[in-house]
Q: 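Questions regarding the structure given below will be posed in turn.
Atoms within a ligand are numbered from 1 in the order they appear, just like the ligands themselves. What you see is a predicted model, and the numbers here were worked out from it, not measured in a lab.
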Amino acid sequence: MSASTSSPAAPARSQAAFERALRLMPGGVNSPARAFGAVGGTPLFIERAEGPYLFDIDGHRYVDYIGSWGPMILGHAQAEVIAAITRAAERGTSYGAPTEAESQLAEQIIEAVPSIEKVRLVNSGTEATMSALRVARGATGRNKVIKFAGNYHGHVDALLVAAGSAAATLGAPDSPGVTPGAAGDTLVLSYNDVTQLENAFAAEGDQIAAVILEPVVGNMGCVVPAMEFLRTLRDLTTHHGSVLIFDEVMTGFRVAPGGAQELFGITPDMTTLGKIVGGGMPLGAYGGRTDIMDNVLPAGKVYQAGTLSGNPVAVAAGSATLKILKENPPYEQLERMGAKLAAGLDAAATAAGIPHSVTRVGSMMTLFFNPDRVTCWDDADRCDRDAFGRYFWGMIQKGIYMPCSQFEALFFSRLHDEAIIDETIDAAKEVLAGE
Ligand SMILES: Cc1ncc(COP(=O)(O)O)c(C=O)c1O
Ligand SMILES: N[C@H](C=O)CCC(=O)O
């Protein structure tokens, strides 16, 4: 059975809303990841979100395991975050001039993230990675950059090569429109492959400006780095004078306050942030050592700018979110709930006789429909996509909203308690058993 034949008729209002959207926007969406392209059927149109739940325009409630693709670690419409947004908006939504609030958020980021001594606020994760790459090239005077297949760093031309996320889901890992000039200096290696890395540096280490990676991948499903891979990355980049960039847009403030670099004890030269750092508003950040960041104009000569950068409403949301995470850290609870959910999904798939593996770091996780452990894109690519589609739609019918692609990690919030995790596992048992 194919994924599309298992997708039930969409609820009537979502169906009508999608037909309207299709006439107005390419594919009916403003970002391809939400188009249900890999699982077939019609995307559910959302009316509102509260705590761990999403509500569609047909009046159905879903336990949310997307969390806006990562930002909503506190749950939706968190009261203190909403109050901070409201207070900021009442004072005006954008000034195009510096504010004290920007410095406060910068201090919160610098205090939490080991590699960041100075930081720039931007408007998205894409802007953060694009800018970090430019700064790394400007600082080293080199052109080449290494990325890893199945990692996604936003829609930066130079990094939209062998990309994960919707690019992988929808079969466009190398996007038309990216010129050979833009991507010609990008070398693509296999994640977790130490030998490939050593060979690449042996061949052209003195030309490599930067290595960028997701230090826990979320964009080919959840894939965990081997410690040997991370240590080799750190050693080779240090030895060859290349800038090591951890793209922590997903993992920053998610797997630990200081991101994957805190969790694994490996400090990169630069870090990119997004998602949680903006508290659900459009905000990204990039930062690193002072000697690297002082290349950015007007301290240095590398150009990077933004009319809305440091936007007061987005800064208020991010700052309030980081304050709550610091004062009341959810990470132990997220780890406990994550372990419980992973064990439950694993047991459910085993009981149903479905070839699978589960990969997890804290509150990021993927049930892969592949019996082997997934450590790189080639492993992820071997998953049974049709089985994933059936699982996705089965869970939707039970009120559980999982990411609509095998190549996206699920995320949950501090409000996903024991009862919600139990409800999810029970649903998975029935869905995977074909009930
Ligand atoms: C690891 C990673 N880097 C960069 C990005 C780009 O962020 P944005 O979608 O905010 O541009 C994303 C998500 O899209 C991401 O998951
Ligand atoms: N995997 C993507 C980012 O993390 C999903 C969000 C998007 O591109 O819309």
Q: At less than 4.0 angstrom from any non-hydrogen atom of M250, what atoms of ligand 2 do you find?
A: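 Listed by number with element: 1 (N), 4 (O).
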Q: With nothing but distance in play, are any N or O atoms of M250 less than 3.5 Å from an N or O of ligand 1?
A: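 The answer is no, given that M250 and ligand 1 share no N or O pair closer than 3.5 Å.
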Q: For the aromatic rings, using the six-membered ring if either is Trp, is the centroid distance between H240 and F201 under 6.0 Å?
A: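 Distance test on ring centres: under 6.0 Å, yes.
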Q: If you have a sec, work out which protein heavy atom is nearest atom 14 (O) of ligand 1 and how many Å separate them, to one decimal?
A: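 Sorting protein heavy atoms by distance from atom 14 (O) of ligand 1 puts Y152 CE2, 3.3 Å first.
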Q: Starting from atom 10 (O) of ligand 1, what is the nearest protein heavy atom, named by residue and atom, and what distance separates them?
A: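 Atom 10 (O) of ligand 1 sits closest to the protein heavy atom G125 N, 2.9 Å.
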Q: Nearest non-hydrogen contact with atom 1 (N) of ligand 2 belongs to which option: N30, I66, N219, V249?
A: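 The option holding the nearest heavy atom is N219.
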Q: Salt bridge check: are E80 and K323 linked by an N-O gap of less than 4.0 Å?
A: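 Looking at K323 together with E80, the answer is no, because their closest N to O distance does not fall below 4.0 Å.
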Q: I need the nearest protein heavy-atom contact for atom 5 (C) of ligand 1: residue, atom name and distance, please.
A: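 Looking at atom 5 (C) of ligand 1, the protein heavy atom closest to it is G154 N, 3.6 Å.
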Q: Would you mind running through ligand 2 and noting each atom that sits below 4.0 Å from a heavy atom of K275?
A: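 Going through ligand 2 atom by atom, the ones under 4.0 Å from K275 are 3 (C), 4 (O).
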Q: Under the criterion side-chain hydrogen bond (donor to acceptor under 3.5 Å, both in side chains), I'd like the reasoning laid out for N370 against S357: C-alpha separation, chi angles, the key distance, then a yes or no.
A: CA-CA 6 Å; N370 176 341; S357 57; 5.4 Å; no
Q: Are any of the N or O atoms of S165 closer than 3.5 Å to those of ligand 2?
A: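 Checking ligand 2 against S165, an N or O pair does fall under 3.5 Å apart.
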Q: Under a 3.5 Å cutoff, is there a donor and acceptor pairing between the side chains of Q304 and Y286?
A: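 Per modelled atom types, Q304 and Y286 side chains form a pair under 3.5 Å.
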Q: Test of understanding: given a 4.0 Å heavy-atom threshold, classify the contact between W69 and ligand 1 as side chain, backbone, both, or neither.
A: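 No part of W69 comes within reach of ligand 1.
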Q: Looking at E335 and K340, is any side-chain nitrogen of the basic one under 4.0 Å from a carboxylate oxygen of the acidic one?
A: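 Result for this pair is no, no salt bridge flagged.
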Q: At under 4.0 Å between heavy atoms, which part of T272 makes contact with ligand 1: side chain, backbone, both or neither?
A: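 Contact part for T272 vs ligand 1: neither.
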Q: Using a strict 4.0 Å threshold on nitrogen-to-oxygen distance, state whether D294 and K118 make a salt bridge.
A: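 So D294 pairs with K118 through a salt bridge.
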Q: Taking 4.0 angstrom as the limit and counting only heavy atoms of E214, give me the atoms of ligand 1 inside it, by number and element.
A: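 Matching atoms, with element in brackets: 1 (C).
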Q: For R34 and ligand 2, does the shortest N/O to N/O distance drop below 3.5 Å?
A: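 No, no N or O pair falls under 3.5 Å.
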Q: What protein heavy atom sits nearest atom 16 (O) of ligand 1, and how far away is it?
A: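 The closest heavy atom on the protein side is N219 ND2, 2.9 Å.
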Q: Check this for me: does any side-chain nitrogen of one of D269 and R289 sit under 4.0 Å from a carboxylate oxygen of the other?
A: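 Yes, charged N to carboxylate O under 4.0 Å.
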Q: Is R360 salt-bridged to D346, cutoff N-O under 4.0 Å?
A: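 A salt bridge is absent here (no side-chain N lies under 4.0 Å from a carboxylate O).
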Q: Which of the atoms in ligand 2, numbered in the order shown and given with their element, are less than 4.0 Å from a heavy-atom of S31?
A: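 In order of number, 7 (C), 8 (O), 9 (O).
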Q: Between K275 and ligand 1, which part of the residue brings a heavy atom under 4.0 Å of the ligand: side chain, backbone, both or neither?
A: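 For K275, only side-chain atoms sit under 4.0 Å from ligand 1.
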Q: Please report the shortest heavy-atom distance between P268 and S115, naming the atom on each side.
A: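 The answer is O-CB, 3.3 Å.
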Q: What protein heavy atom lies closest to atom 12 (C) of ligand 1? Include the residue and the distance to one decimal.
A: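 Heavy-atom neighbour on the protein nearest atom 12 (C) of ligand 1: V249 CG1, 3.7 Å.
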Q: Check this for me: H76, atom NE2, are more than 12 non-hydrogen atoms of other residues, nucleotides or ligands nearer than 6.0 Å?
A: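 Yes - once you tally the heavy atoms of other residues, nucleotides and ligands closer than 6.0 Å, there are more than 12.
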Q: Report the nearest protein non-hydrogen atom to atom 11 (O) of ligand 1: residue, atom name, distance rounded to 0.1 Å.
A: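 Ranking protein heavy atoms by distance from atom 11 (O) of ligand 1, first comes T126 OG1, 2.6 Å.
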Q: N/O to N/O below 3.5 Å, does that happen between D247 and ligand 1?
A: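 Yes, D247 has an N/O under 3.5 Å of an N/O on ligand 1.
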Q: Do E198 and T232 get their side chains close enough for a donor-acceptor pair, meaning under 3.5 Å?
A: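 Side-chain D/A pair, E198 to T232: absent.
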Q: Using a strict 4.0 Å cut-off to heavy atoms of A33, name the atoms of ligand 2 that fall inside it.
A: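 Counting from 1, the qualifying ligand atoms are 5 (C), 7 (C), 9 (O).
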Q: OH of Y95: more than 12 outside heavy atoms within 6.0 angstrom?
A: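 Yes, OH of Y95 has more than 12 neighbouring heavy atoms, counting only those of other groups under 6.0 Å.
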Q: Does the salt bridge (Lys or Arg N to Asp or Glu O under 4.0 Å) test come out yes or no for E423 and K398, once each step is laid out?
A: CA-CA 9 Å; E423 179 188 341; K398 295 197 180 293; over 6 Å; no
Q: Which option, W69, F411, Y152, F407, owns the non-hydrogen atom nearest atom 5 (C) of ligand 2?
A: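 Minimum heavy-atom distance to atom 5 (C) of ligand 2 goes to W69.
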Q: Taking 4.0 Å as the limit for heavy-atom contacts, which would you say applies to H153 with ligand 1: side chain only, backbone only, both, or neither?
A: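 The part of H153 near ligand 1 is the backbone, not the side chain.
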